[in-house]
2 protein chains.
Amino acid sequence: MTNQKTTIVDVAAKAGVSFGTVSRVINNDVHVRPATRERVLQAMEQLGFVANRQARSLAGGKTGAIGLLVPDLGTGYIGEIIRGIDAELTLQELDLILYTTHRTASKEANYVANLAQGMVDGLLLVLPRNPADYVGTLTQRNFPFVLIDHQGTGKECPAVGATNWQGAFDAAEHLLKLGHRRIGFITGSMDLGCAQDRLAGYRAALRTHHVPYTEELVYEGTFFQPDGFTGALALLDVPDPPTAIFASNDVMAMGAMDAIRQRGLRIPDDIAVLGFDDIPQAEMVRPALTTIQQPLEKMGRVATQMLLDLLEAPESKIQRIELPTKLIIRDSCCPRQGSYADAHNAAYSA
Amino acid sequence: MTNQKTTIVDVAAKAGVSFGTVSRVINNDVHVRPATRERVLQAMEQLGFVANRQARSLAGGKTGAIGLLVPDLGTGYIGEIIRGIDAELTLQELDLILYTTHRTASKEANYVANLAQGMVDGLLLVLPRNPADYVGTLTQRNFPFVLIDHQGTGKECPAVGATNWQGAFDAAEHLLKLGHRRIGFITGSMDLGCAQDRLAGYRAALRTHHVPYTEELVYEGTFFQPDGFTGALALLDVPDPPTAIFASNDVMAMGAMDAIRQRGLRIPDDIAVLGFDDIPQAEMVRPALTTIQQPLEKMGRVATQMLLDLLEAPESKIQRIELPTKLIIRDSCCPRQGSYADAHNAAYSA
DNA sequence: AGTTTTCATGTAAACGCTTACAAAGACAGA
DNA sequence: TCTGTCTTTGTAAGCGTTTACATGAAAACT
């Protein structure tokens, strides 16, 4: 364990060189004689020297940390992404500074301002609320950052996301092919690009299969579990209620399952339920939830790699990567009851 | 959004004072005339000034950040704790620097060394692996830290945990009162204090109810889901297999449930399953898992508060807080089959 | 051998702030 | 009005680094 306060000056004294040389060793400067380097390294070892991060970054170097801004920590969703980020960062010996905005847009801009002001070398923004407020400044100042899971509505900027539209399309199509015609949809927070895309994917699937879109079957939620519960209740109350409910994320799907059960209906026999995300719980819930898998951990990894690239070559071309989603079929959906022929037909028509 | 680089000198110029006065305003020094303070505040506002953290801490102040060391991010377990920590920290406008040791003891000591070397003002250590390596140094240097969920086997140090012994005792007793006599137990990583305590609680309950302890009913796991699976399989294979399985945490309990189902047995009718932690999934799994609730989020909060106290009054008395666990009865346990009378008797005998 | 080039090393200034100390006002008591 | 005290403000040094520049020694030329 390191001693109270060992500075490069101490190391320099011990190694019999000037502190400048020590600094060069730390920074892997080529202009150090191998023998000298060795001597310095030994001194550092013996003294248990650890370079002071604050001083390094103040003096113009890098901070060795990247900032991560997330809306909250409530669901497994963010956790998965963080795992991916953490895995990549650990490889690079970079620190992770975590900020939770608690879904407050104003805090978001605030944090970004603070962080970009020297706390970190780069920024990872998960599910940003209103990135428009700061991406401009960030880009202009050439500060490296990557958006995760956000469809930039405006400017081009580095981002990684999933094929939300396609995923929702696949999900809805799966239900359609199972013979469902009345498919309830519970949206996410509609100010988020991903939520919009999922709704669009759902609508597109209906259109493709010539099933009319009705607003009464769409309930606007906010990605939280209670919305799934109340949403499902509302959907079950419409005249000619849906035979399937597609929720924009897994936790809302689970909320919906609770509501359906509370009404005394069976899943999937009476109502099919389909989610989005494939969080760990999706597999454990009973019946196991059929859902659209988002490669969350991978999104975290890829975003981090992009950021690291940006850190090395700040001028490299901005890009937006969309990772493919995947339909995971489990036990929460089955063909529409008493209409297997229908389902079969639907699956192979247009 | 803040401009490129605004320093206290800029603010001072704008406000017509010296930079020293600006610094005083930042640090809420009493020796500033109200009018002057106001002027400085305005200048700061107009310039969008944000004090540079690195510089502040370098110059002797606090870093305004606390470090959090966790073993991993895999299970919801840590996530819950982090939520509590984050909630408290946000209130204090402190930053969170997150480190993942990936369950490597050596990394742990390493990180602690680095962090204590000026990166952060205090340290929160979740499920520390071998704290003995560094608590000595930390204490000696009077560096504020709090251990979360670790039974300090050795020295006294600030820590918060749960009543693991009592929790396991309650759990085992619950099963005993339901009439179970052959109760399988799957341990956690036995190098962790909490795992030891849980085993001890289980044994104590057996003893209290005059049920013999047999080693063949104890399977040593490591807190990961696969251990639950293989553990349950092993336990079902012993002659006169258990009628109930108590796993040292929920994810292992879920692994056990999978194994039991795979054997074609019903839960809870054929085998009762009981977990520990009450992670969010416990409620969602079917049958819903009866478990011992650990107040994880609260543990995070309490630990953070302790750390904040320590930060303010470094000399305050060390303390170890144990938060009570609670038996949460759900659907994964029922009286031992065909022996309700037994169960009833057991419940009210010594 | 003398001169230039190269490379390793030392030195000083700067990064943006805190803080002890000095200086200058303000104000009271005599 | 003068002295002493208290309060506000300015100033300089220093926190532990990096980095541009200067220096000196060794190596490579002629």
Side-chain angles (χ1 to χ4, degrees), chain A residues 2-41 43-44 47-65 113-121, chain B residues 2-41 43-44 47-65 113-121:
Chain A
T2 160
N3 211 336
Q4 183 77 310
K5 278 268 145 98
T6 317
T7 75
I8 49 171
V9 178
D10 302 326
V11 175
K14 177 128 191 165
V17 296
S18 85
F19 64 86
T21 304
V22 176
S23 176
R24 267 172 222 115
V25 171
I26 294 174
N27 295 286
N28 284 315
D29 191 314
V30 242
H31 297 296
V32 179
R33 201 146 38 104
T36 315
R37 157 164 287 125
E38 197 47 47
R39 207 144 30 93
V40 172
L41 253 20
M44 286 182 9
L47 265 41
F49 170 80
V50 183
N52 181 313
R53 277 275 175 65
Q54 340 280 330
R56 293 190 77 175
S57 79
L58 221 208
K62 296 294 178 182
T63 66
N114 277 20
L115 287 172
Q117 184 83 357
M119 270 301 278
V120 298
D121 296 334
Chain B
T2 162
N3 210 334
Q4 183 75 307
K5 279 269 144 99
T6 316
T7 75
I8 49 170
V9 178
D10 302 326
V11 175
K14 177 126 189 163
V17 296
S18 84
F19 63 86
T21 304
V22 176
S23 176
R24 267 172 222 117
V25 171
I26 295 173
N27 295 286
N28 284 316
D29 191 312
V30 241
H31 298 296
V32 179
R33 203 148 34 109
T36 315
R37 156 164 288 126
E38 197 48 47
R39 210 147 24 96
V40 172
L41 252 21
M44 287 182 12
L47 266 40
F49 169 80
V50 183
N52 180 314
R53 276 273 176 65
Q54 340 279 330
R56 292 189 76 175
S57 79
L58 221 208
K62 296 295 177 181
T63 67
N114 277 19
L115 286 172
Q117 183 82 357
M119 269 300 278
V120 297
D121 296 334

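Note on naming: letters A, B, ... go to the chains in the order of the sequence lines (proteins, then strands), and numbering restarts at 1 for each one. Heavy-atom basis, side chains included; hydrogens, waters and symmetry copies ignored.
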Worksheet, complete the sentence: In this structure, CG of B:Leu41 is separated from CD1 of B:Ile26 (nearest 0.5 Å) by 10.0 Å
Practice prompt. For A:Thr7, report the nucleic acid contact type (base, sugar-phosphate, nothing); a contact means any heavy atom under 4.0 Å.
Written response: sugar-phosphate
Worksheet item: Nearest to the side chain of B:Arg33 - D:dG10, D:dT8, C:dC17?
Response: D:dT8
Discussion item. Please classify the nucleic acid contact of B:Val9 as base, sugar-phosphate, or nothing, using heavy-atom distances under 4.0 Å.
Written reply: nothing
Worksheet item: In Å and rounded to the nearest 0.5 Å, what is the NZ to CG distance from A:Lys62 to A:Asn27?
Response: 12.5 Å
Worksheet item: Nearest to the side chain of B:Asn52, which nucleotide is it out of C:dC17, D:dT9, D:dT18?
Response: C:dC17
Fill in: Closest-nucleotide ordering on DNA chain D, the 5'-leading residue of B:Gly16 and A:Ala55
B:Gly16
Discussion item. Please confirm whether the shortest side-chain N or O distance from B:His31 to OP1 or OP2 of D:dT8 is below 4.0 Å.
Written reply: yes
Discussion item. Measure CG/B:Asn28 against C1'/C:dT19 and give the value in whole Å, please.
Written reply: 16 Å
Fill in: Listed nucleotide nearest any side-chain atom of A:Ala59, set D:dG16, D:dT9, C:dG10
D:dG16
Discussion item. Rounded at 0.5 Å granularity, tell me how far OG1 in B:Thr63 sits from CZ in A:Arg53.
Written reply: 12.5 Å
Worksheet item: Of all the choices, C:dT11, D:dG16, C:dT18, which nucleotide is nearest to the side chain of A:Phe19 once you look at every atom?
Response: C:dT11
Worksheet item: Given that B:Leu58 and B:Thr36 both sit by DNA chain D, which one's nearest nucleotide is further toward the 5' end?
Response: B:Thr36
Worksheet item: Between the side chain of B:Asp29 and the main-chain N/O of B:His31, is any donor-acceptor distance below 3.5 Å?
Response: yes
Discussion item. How many whole angstroms separate atom CD1 of A:Ile8 from atom C1' of C:dT11?
Written reply: 12 Å
Worksheet item: Going by heavy atoms in the side chains, are A:Val40 and A:Met44 under 4.5 Å from each other?
Response: yes
Worksheet entry | Options D:dG16, C:dC17, D:dT9, nucleotide nearest the side-chain atoms of B:Val32 | D:dT9
Discussion item. Could you tell me how far apart A:Ile26 (CD1) and D:dT17 (P) are, to the nearest whole angstrom?
Written reply: 6 Å
Discussion item. Of the options C:dG10, C:dT18, D:dT11, whose atoms approach the side-chain atoms of B:Ser18 most closely?
Written reply: D:dT11
Worksheet item: In whole Å, what is the span from the CG atom of A:Asp121 to the P atom of D:dT18?
Response: 13 Å
Worksheet, complete the sentence: B:Lys62 NZ to C:dT19 C1', in whole Å, measures 15 Å
Fill in: Proximity to the side chain of A:Arg24 - top-ranked nucleotide from C:dT11, C:dC15, C:dC17
C:dT11
Worksheet item: Rounded to whole angstrom units, what separation is found between the CG atom of A:Asp29 and the C1' atom of D:dT19?
Response: 10 Å
Worksheet item: Closest to the B:Arg56 side chain: C:dC17, D:dT17, D:dT18?
Response: C:dC17
Worksheet item: Hey, does the side chain of B:Thr21 come within less than 4.0 Å of D:dG10's phosphate (OP1/OP2), counting only N and O?
Response: yes
Discussion item. From CG of B:Asn27 over to P of C:dT18, roughly how many Å is that when rounded to an integer?
Written reply: 4 Å
Worksheet item: When we call it a touch if two heavy atoms are under 4.0 Å apart, what does A:Ser57 touch: a base, just sugar-phosphate, or nothing?
Response: nothing
Worksheet entry | Length of the CZ-P vector between A:Arg37 and C:dA8, whole Å | 10 Å
Item to complete: Report yes if a side-chain nitrogen or oxygen of A:Ser23 is closer than 4.0 Å to either non-bridging phosphate oxygen (OP1 or OP2) of D:dT17; otherwise report no.
Response: no
Fill in: For the student: nearest non-hydrogen atoms of B:Gln54 and A:Met119, plus distance
NE2-CA, 3.2 Å
